[in-house]
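A quick write-up on the structure given underneath.
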Amino acid sequence: MKIKEGFVLRSIAGSNIVVPVGQTSAEFNGMITLNDSGAFLWKELEKGSDVDGLTAALLRDYDVDEQTARSCSAAFIDKLMEAGCLE
């Protein structure tokens, strides 16, 4: 699992925003706002994590059970795939 080149996470006025840069900005119209846990998962994806890696990271850093962590990880990846941010 890999974030497509041309998407970066920025903190703007206290908000976590994924913005397209370079050529991607001409192809992707908009930006994505993430809450703190979404930004946490995005940073894990930047390290090359997959659903298992995201689940493990959530279990390590958040007070959540494994089923919830896995479900949230899979849903997050699905949303980013729909948006065209992952390859």
Side-chain angles (χ1 to χ4, degrees):
M1 189 83 20
K2 183 178 174 185
I3 295 172
K4 283 186 181 178
E5 188 173 327
F7 289 99
V8 295
L9 175 64
R10 296 285 186 250
S11 179
I12 302 170
S15 296
N16 301 301
I17 309 290
V18 174
V19 294
V21 295
Q23 180 62 31
T24 305
S25 63
E27 300 164 359
F28 186 88
N29 187 18
M31 58 185 148
I32 300 169
T33 304
L34 300 176
N35 61 21
D36 288 340
S37 57
F40 172 81
L41 292 174
W42 180 275
K43 291 173 185 173
E44 290 298 316
L45 287 172
E46 289 178 329
K47 299 175 189 175
S49 289
D50 57 7
V51 172
D52 292 334
L54 295 183
T55 300
L58 286 173
L59 290 171
R60 181 186 68 236
D61 287 22
Y62 286 83
D63 183 23
V64 63
D65 63 86
E66 185 171 358
Q67 182 179 358
T68 301
R70 184 165 299 284
S71 174
C72 290
S73 296
F76 185 72
I77 286 173
D78 288 347
K79 289 289 185 184
L80 291 180
M81 290 291 280
E82 285 176 24
C85 296
L86 298 178
E87 52 187 8

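In what follows, residues are counted from 1 in the order of the sequence shown.
When all heavy atoms of A83 and I32 are compared, the pair lying nearest together is CB-CD1, 4.1 Å. When every heavy atom of T24 is checked against every heavy atom of G6, the shortest pair comes out as OG1-CA, 3.3 Å. Considering every non-hydrogen atom in both G22 and S25, the closest pair reads O-OG, 2.6 Å.
Side-chain contact between V8 and V19: present, with at least one pair of heavy atoms (C-beta onward) separated by less than 4.5 Å. I3 places a side-chain heavy atom less than 4.5 Å from the side chain of L86. Between L58 and F40 there is a side-chain heavy-atom pair separated by less than 4.5 Å. Counting heavy atoms from C-beta outward, L80 and L45 have side chains that approach closer than 4.5 Å.
Distance CG/D50 to NZ/K2: 15.0 Å, rounded to 0.5 Å. Considering NZ of K79 and CD of E82, their distance stands at 5.0 Å, rounded to 0.5 Å. Rounding to the nearest 0.5 Å gives a distance of 12.0 Å between CD of E66 and OG of S71. For the atom pair L59 CG and S73 OG, the distance stands at 8.0 Å (nearest 0.5 Å). With rounding to the nearest 0.5 angstrom, the OG atom of S15 is 9.5 Å from the CG atom of D36.
The hydrophobic clustering, which links ILVMFWY residues whose side-chain heavy atoms are closer than 4.5 Å, places F28 and M31 apart. Both V21 and I17 are part of a single hydrophobic cluster, where members link through side-chain heavy atoms under 4.5 Å apart. The cluster map of Ile, Leu, Val, Met, Phe, Trp and Tyr, joined by side-chain heavy atoms under 4.5 Å apart, puts L34 and M81 in the same cluster. Linking ILVMFWY side-chain heavy atoms closer than 4.5 Å, directly or via other members, places L41 and V51 in a single hydrophobic cluster.
Residues meeting the ring pair (Phe, Tyr, Trp, His ring centres under 6.0 Å) test with F76, sequence neighbours left out: none.
The list of salt bridge (Lys or Arg N to Asp or Glu O under 4.0 Å) pairs with a residue in residues 4-31, not counting sequence neighbours, is empty.
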Query raised in the report: How far apart are the C-alpha atoms of R70 and L54, what are their side-chain angles, what is the distance that settles it, and do they pass the side chain to side chain contact (heavy atoms under 4.5 Å, CB included) test?
Result: CA-CA 8 Å; R70 184 165 299 284; L54 295 183; over 6 Å; no
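The local environment of CG in N35 is crowded, with over 12 non-hydrogen atoms from other residues, nucleotides or ligands closer than 6.0 Å.
A salt bridge is defined here as a Lys NZ or Arg NE, NH1 or NH2 lying under 4.0 Å from an Asp or Glu carboxylate O, and K43 with E46 fails to meet this definition.
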